[in-house]
Undergrad: 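Mind having a look at this structure? Questions to follow.
Basis for what follows: all heavy atoms, side chains included, without hydrogens, waters or symmetry-related copies.
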Amino acid sequence: MRPDHKTFDRMLRRVQKPARYIGGELGSVRKRRETLAMRFAFCFPDLYEVGMSHLGMKILYSLLNSRPEIGCERVFMPDRDMEAEMVREGVSLYGLESRDPIRDFDMVGFTLQYEMSYTTILRMLDLAGIPRRSADRGEAMPLVVGGGPCACNPEPLADFFDLFMLGEGEEVILELCEAYIDAKDEGLSKAEFLKRAARIEGVYVPSLYEVRYLPDGRVESITPKEGAPARVRKRIIENLDEVFFPKTFVVPYIGIVHDRAMVEVLRGCIRGCRFCQAGFIYRPFREKGAEVIAGDAKCLLRSTGYDEVSLTSLSTGDHSELDGLLTDLIPWTESRGINMALPSLRLDSFSGEWLDKVQAVRKSGLTFAPEAGTQRMRDVINKNLSEAEILDTCHTAFEGGNTSVKLYFMIGQPTETMEDVEGIVALAQKVVDLYYALPSKPKGKGVTVTASVASFVPKPFTPFQYEPQDTRELLHEKQRRMLDCRHTKKITLKYHDVDTSFLEAVLARGDRRLGAVIERAYLAGCYLDSWEEYFYIDRWLDSFKAEGLDPAFYANRRRDYDELMPWSHLDYGVSDAFLIAENKKAHAAETTPDCRSRCAGCGANRLAAGGGMKGGVCR
């Protein structure tokens with residue numbers, strides 16, 4: 001049901017943060033539905049504050065609405081209070097722009113950013129009145145589609161989605177919508193449209209593939225049907241200078257997680273950290289031109305009124321024209337009181353000159369990612385970073401007046417020993433000692449070093465996709481060891497929840513059989529699992545037991561190099577031979593130079609038409 005004004009007002013008076021649910025923000029787009037050839041509900045399976053911070057959603061929302069025949073509306077998971085009101089009043093999940101139920105749309109698209117959102121997708125489908133399983137949705141129901149980083153292994157969600165878009169979305173999503181409009185005009189059935197959609201590069205239709213399993217639970221075969229391709233290749237954008245980028249963003253009424261203008265500066269990463277899925281699935285490396293970036297930033301800041309802009313990428317410091325870009329942008333932002341943020345800076349690309357520039361308006365704590373506490377482990381993961389470089393960078397930060405540094409680490413990576421774990425605290429202590437050894441340190445000000453420690457999660461399409469995750473018991477033991485090694489309150493240790501990381505590892509490398517587990521866990525009350533107060537590991541474990549599946553089979557088992565992976569029929573550009581070679585080098589603690597120094601032959605350059613990339617290093 002679409003809520004009338006009285007019902008809607010009554011609901012909003014009973015919930016916290018009603019601005020999450022009303023729409024109408026500056027920059028939002030409303031269209032008359034009778035003028036549209038199709039309607040697209042863009043769903044983010046988390047709360048408004050999280051979804052509204054996501055740059056990809058901002059780009060695709062504006063892109064779809066730039067086409068006069070397409071209407072795109074935003075949809076977020078309501079928090080528990082609003083959810084209860086919707087159930088009480090019989091109100092279906094709706095698009096923010098029109099408040100129409102999304103089951104009346106043509107296509108319902110979910111962005112798959114995090115494995116822990118899978119059960120939330122099922123809850124949103126239920127709130128919308130859309131059957132959870134694609135096989136149960138008739139012709140009158142919308143198509144349910146997905147994309148984003150987790151689409152690189154969408155198999156755990158195969159039963160719930162009609163299709164997935166692999167890779168970068170700006171071109172493929174428009175091609176998919178155009179194909180749908182044509183199919184609608186021709187009166188094609190869903191099955192006929194899906195067979196046609198499977199011919200679009202980057203579109204994967206799971207129902208067109210049959211998966212068989214060996215008696216021990218491993219995948220035996222993945223067989224395409226009805227003319228579907230044997231391998232589905234991801235989509236990439238070759239020229240970032242010409243790709244669509246919004247002139248404005250929707251500006252929320254309330255604070256969100258990343259409440260600022262964001263401008264993408266490059267895609268991919270030259271570094272090759274062996275644990276990092278994003279660094280591999282977003283290859284090849286491509287840059288936007290500095291002039292284009294500066295123009296995008298100034299346009300967004302004028303249209304939104306934000307007082308902060310972030311230059312966003314996996315490794316912003318690797319942009320070849322960053323010095324010139326900052327020279328252009330910072331006088332403009334500084335004169336207007338606008339803060340500049342450079343996230344994802346590498347320790348070996350950080351300079352005092354940049355520090356002075358980006359902190360001219362507002363000084364904030366600095367964050368760096370050594371990832372490991374010993375040189376041996378940094379070589380294992382191919383961090384290509386020395387302890388001297390780490391300490392030199394912290395020295396530069398302290399000389400610049402900073403008294404707070406946050407360091408990101410990871411435990412449980414392949415070949416790790418307890419000595420490596422202790423090295424995390426030892427390195428943090430060296431940073432503390434460095435600060436107090438400085439003659440120029442501020443008088444009366446102490447230092448704060450925060451070590452944020454995640455648990456390693458093996459991910460598809462990385463050299464570590466073959467590796468087991470440490471057991472939960474061993475990860476807890478490693479966390480305790482770090483606490484025992486800390487001897488000063490100047491060091492703050494923060495941990496990721498081990499149970500959450502365990503389930504993330506299960507879902508990341510899962511197969512289609514996990515769909516039944518996901519649905520059972522959802523029916524047991526598991527959704528919004530990325531929020532600590534709503535995460536119930538016992539209910540998840542009970543769901544695995546009820547379905548006769550062992551989660552350790554997915555999380556804690558080493559895979560052979562010749563094993564058929566659940567995602568082996570999907571092509572993200574990086575060859576299996578390269579991943580295997582990098583895995584072997586990791587076990588020998590051998591490093592691989594970054595892509596700019598020397599091509600490692602990962603295979604990503606074959607994705608480019610003509611073998612080249614505008615603004616990149618793959619040739």
Undergrad: Considering only heavy atoms from C-beta outward, does the side chain of L300 approach that of K247 to under 4.5 Å?
TA: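 Sidechains of K247 and L300: no contact.
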Undergrad: Do the side chains of K459 and E504 get close enough for a salt bridge, i.e. N-O under 4.0 angstrom?
TA: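 A salt bridge is present here (some side-chain N lies under 4.0 Å from a carboxylate O).
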Undergrad: Please confirm whether the backbone N or O of I237 pairs with a side-chain atom of R286, one donor and one acceptor, at under 3.5 Å?
TA: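 A pair under 3.5 Å: yes.
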Undergrad: So, the side chain of S117 versus the backbone of Y114: is there a donor-acceptor pair under 3.5 Å, distance only?
TA: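 Between the backbone of Y114 and the side chain of S117 there is a qualifying donor-acceptor contact (under 3.5 Å).
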Undergrad: Do you know which two heavy atoms are closest between R509 and P566, and how far apart they sit?
TA: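 Nearest heavy atoms, R509 then P566: O-CG, 4.0 Å.
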Undergrad: Applying salt bridge (Lys or Arg N to Asp or Glu O under 4.0 Å) to R513 and D159, what does each step give before you reach the verdict?
TA: CA-CA 9 Å; R513 295 173 299 172; D159 291 339; over 6 Å; no
Undergrad: Show your working on side-chain contact (heavy atoms from CB on, under 4.5 Å) between L143 and Y180 and close with a plain yes or no.
TA: CA-CA 10 Å; L143 288 160; Y180 176 82; 3.7 Å; yes
Undergrad: Between P131 and M141, is there a side-chain heavy-atom distance shorter than 4.5 Å?
TA: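 Contact flag for M141/P131 side chains = yes.
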Undergrad: Looking only at the aromatic ring of each residue, does the gap between the centers of F280 and F461 stay below 6.0 angstrom?
TA: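 Aromatic pair excluded; centres sit 6.0 Å or further apart.
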Undergrad: Considering only NZ, NE, NH1 and NH2 on the basic side and carboxylate oxygens on the acidic side, decide whether R218 and E220 come within less than 4.0 Å.
TA: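 No salt bridge links R218 with E220.
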Undergrad: Are the charged groups of K234 and E168 less than 4.0 angstrom apart, N to O?
TA: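 E168 and K234: not salt-bridged.
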Undergrad: Could you walk me through whether L96 and E73 satisfy the side-chain contact (heavy atoms from CB on, under 4.5 Å) test, starting with their C-alpha distance in whole Å, then the side-chain angles of each, then the deciding distance to 0.1 Å, before giving a yes or no?
TA: CA-CA 6 Å; L96 280 185; E73 301 193 22; 5.9 Å; no
Undergrad: Using modelled atom types and a 3.5 Å cut-off, is there a donor and acceptor pairing between side-chain atoms of D162 and backbone atoms of V145?
TA: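 Side chain of D162 to backbone of V145: no pair is present.
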Undergrad: Using a strict threshold of under 4.0 Å (side-chain N to carboxylate O), is an ion pair present between K195 and E226?
TA: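 Salt bridge between E226 and K195, a charged N being under 4.0 Å from a carboxylate O: yes.
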Undergrad: Check the orientation of F161 and F110. Use parallel for under 30°, tilted for 30 to 60°, and perpendicular for over 60°.
TA: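 Rings of F161 and F110: perpendicular, as their planes differ by over 60°.
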Undergrad: Output, in order, the C-alpha distance, side-chain angles, deciding distance and verdict of salt bridge (Lys or Arg N to Asp or Glu O under 4.0 Å) for E582 and K584.
TA: CA-CA 5 Å; E582 284 293 293; K584 291 177 178 178; over 6 Å; no
Undergrad: Check whether any side-chain heavy atom of M262 lies under 4.5 Å from a side-chain heavy atom of L311, and answer yes or no.
TA: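 No; the side chains remain at least 4.5 Å from each other.
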Undergrad: Verify whether one side chain among Y522 and R123 offers a donor that lies under 3.5 Å from an acceptor in the other.
TA: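 Indeed, the side chains of Y522 and R123 share at least one donor-acceptor pair under 3.5 Å.
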Undergrad: Can you classify the ring geometry of F44 versus F76 as parallel (below 30°), tilted (30 to 60°) or perpendicular (above 60°)?
TA: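 If you compare the ring of F44 with that of F76, the planes turn out tilted.
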Undergrad: When you check the gap from the basic side-chain N to the acidic O, do R132 and E519 get nearer than 4.0 Å?
TA: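 Yes.
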Undergrad: Under a 3.5 Å distance rule, please check whether K58 uses its side chain to pair with a backbone N or O of M52 as donor and acceptor.
TA: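 Yes, K58 side chain to M52 backbone: donor-acceptor pair under 3.5 Å.
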Undergrad: Could you measure the distance from the CD1 atom of I270 to the OG atom of S597? Nearest 0.5 Å is fine.
TA: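 Answer rounded to 0.5 Å: 7.0 Å.
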Undergrad: Would you indicate whether K184, at its atom NZ, is surrounded by more than 12 heavy atoms from other residues, nucleotides or ligands within a distance under 6.0 Å?
TA: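 More than 12 heavy atoms, drawn from other residues, nucleotides or ligands, come within 6.0 Å of this atom.
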Undergrad: Check for me whether the distance between the ring centres of F105 and F40 falls short of 6.0 Å.
TA: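 Here the rings of F40 and F105 have centres that are no less than 6.0 Å from each other.
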Undergrad: Any idea which heavy atoms bring C269 and L314 closest together, and the distance?
TA: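 So the two residues come closest at CB-CD1, 4.1 Å.
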Undergrad: Measure the shortest side-chain to side-chain distance between L112 and L157 over non-hydrogen atoms and say whether it is less than 4.5 angstrom.
TA: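 L112 vs L157: side chains touch.
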Undergrad: I'd like to know if the side chain of T591 reaches the main chain of N384, judged simply by a donor and an acceptor atom lying under 3.5 Å from each other, with no hydrogens or angles considered.
TA: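 No.
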Undergrad: Any ion pair linking D594 and R596 (charged N to carboxylate O, less than 4.0 Å)?
TA: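 Salt bridge: no.
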Undergrad: Backbone N or O of C526 within a donor-acceptor pair of the T119 side chain at under 3.5 Å?
TA: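 Yes, because the side chain of T119 sits within donor-acceptor range (under 3.5 Å) of the backbone of C526.
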Undergrad: If we only count heavy atoms from C-beta on, is the P156 to D511 side-chain gap below 4.5 Å?
TA: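 Counting from C-beta outward, P156 and D511 never come under 4.5 Å.
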Undergrad: Short question: side chain of H319, backbone of K288 - any donor-acceptor pair under 3.5 Å?
TA: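 Yes, H319 side chain to K288 backbone: donor-acceptor pair under 3.5 Å.
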Undergrad: As an exercise, state the distance from CG of N605 to SG of C599, rounded to the nearest 0.5 Å.
TA: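 Going from the CG atom of N605 to the SG atom of C599 covers 6.0 Å.
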Undergrad: Within a reach of under 6.0 Å around CD of E192, are more than 12 heavy atoms found that belong to other residues, nucleotides or ligands?
TA: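 Yes - once you tally the heavy atoms of other residues, nucleotides and ligands closer than 6.0 Å, there are more than 12.
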Undergrad: Does Y204 have its ring centroid less than 6.0 Å away from the ring centroid of Y209?
TA: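 When the ring centroids of Y204 and Y209 are compared, they turn out to be within the sub-6.0 Å range.
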Undergrad: Between K585 and D379 (salt bridge meaning N to carboxylate O under 4.0 Å), is one present in this structure?
TA: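 No, this pair does not count.
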Undergrad: Strictly distance-based, threshold 3.5 Å: is any side-chain N or O of K31 a donor or acceptor partner for the main-chain N or O of I70?
TA: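 Yes, because the side chain of K31 sits within donor-acceptor range (under 3.5 Å) of the backbone of I70.
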Undergrad: For P45 and M77, which heavy atoms make the closest approach, and how far apart are they?
TA: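 Result for this residue pair: C-CB, 4.4 Å.
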Undergrad: Might you confirm whether atom CZ of R598 has over 12 heavy atoms from other residues, nucleotides or ligands at distances under 6.0 Å?
TA: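 Open: at most 12 neighbouring heavy atoms sit under 6.0 Å from CZ of R598.
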Undergrad: Given salt bridge (Lys or Arg N to Asp or Glu O under 4.0 Å), test E170 with R267 step by step and report yes or no.
TA: CA-CA 13 Å; E170 290 96 335; R267 291 186 187 176; 2.4 Å; yes
Undergrad: Which heavy-atom pair separates I102 from P142 by the least distance, and what is that distance?
TA: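 So the minimum-distance heavy-atom pair works out to O-CG, 4.0 Å.
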Undergrad: Can any side-chain N or O of N65 pair as donor or acceptor with the backbone N or O of C72 at less than 3.5 Å?
TA: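 Indeed, once roles are kept as given, a pair shorter than 3.5 Å links the two residues.
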Undergrad: Out of curiosity, E97 CD to R39 CZ, how far, rounded to the nearest 0.5 Å?
TA: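 It is 10.0 Å, given to the nearest 0.5 Å.
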Undergrad: Measure the spacing between CZ of R260 and OG of S53 and express it to the nearest 0.5 Å.
TA: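 Output value for this atom pair is 9.0 Å.
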Undergrad: Write down the atom of R559, the atom of Y554, and the distance for their closest heavy-atom approach.
TA: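 In this case the closest contact between R559 and Y554 is NH2-O, 3.3 Å.
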Undergrad: With I173 as reference, evaluate R235, E178, M165 under the side-chain contact (heavy atoms from CB on, under 4.5 Å) test and give the passing residue.
TA: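 Of the listed residues R235, E178, M165, the side-chain contact (heavy atoms from CB on, under 4.5 Å) partner of I173 is M165.
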Undergrad: Determine whether the aromatic ring centres of residues Y561 and Y466 are separated by less than 6.0 angstrom.
TA: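 Aromatic pair counts; centres sit under 6.0 Å.
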Undergrad: Could you state the interatomic distance from OG1 (T111) to NE2 (H54), rounded to the nearest 0.5 Å?
TA: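 T111 OG1 to H54 NE2: 5.0 Å, rounded to 0.5 Å.
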Undergrad: To check you understand the geometry: which heavy-atom pair defines the closest contact between C150 and Y118, and what is its length?
TA: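 Shortest heavy-atom contact: CB-OH, 3.4 Å.
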Undergrad: I would like to know whether L125 and V144 meet side-chain contact (heavy atoms from CB on, under 4.5 Å); could you show each step before the answer?
TA: CA-CA 9 Å; L125 291 174; V144 176; 4.1 Å; yes
Undergrad: Kindly determine whether M38 and E69 satisfy side-chain contact (heavy atoms from CB on, under 4.5 Å), including the steps that lead there.
TA: CA-CA 7 Å; M38 77 167 291; E69 75 276 20; over 6 Å; no
Undergrad: Distance from C177 atom SG to R67 atom CZ, nearest 0.5 Å?
TA: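 Those atoms lie 8.5 Å apart.
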Undergrad: Is there a donor-acceptor pair under 3.5 Å between the side chain of R137 and the backbone N or O of F160?
TA: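 Judged by distance alone, yes, a pair lies under 3.5 Å.
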Undergrad: Would F42 and Y61 count as a close aromatic pair, with their ring centres under 6.0 Å?
TA: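 Ring-ring flag for F42/Y61: false, centres at least 6.0 Å apart.
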Undergrad: Any side-chain heavy-atom pair from S455 and F502 closer than 4.5 angstrom?
TA: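 Counting from C-beta outward, S455 and F502 never come under 4.5 Å.
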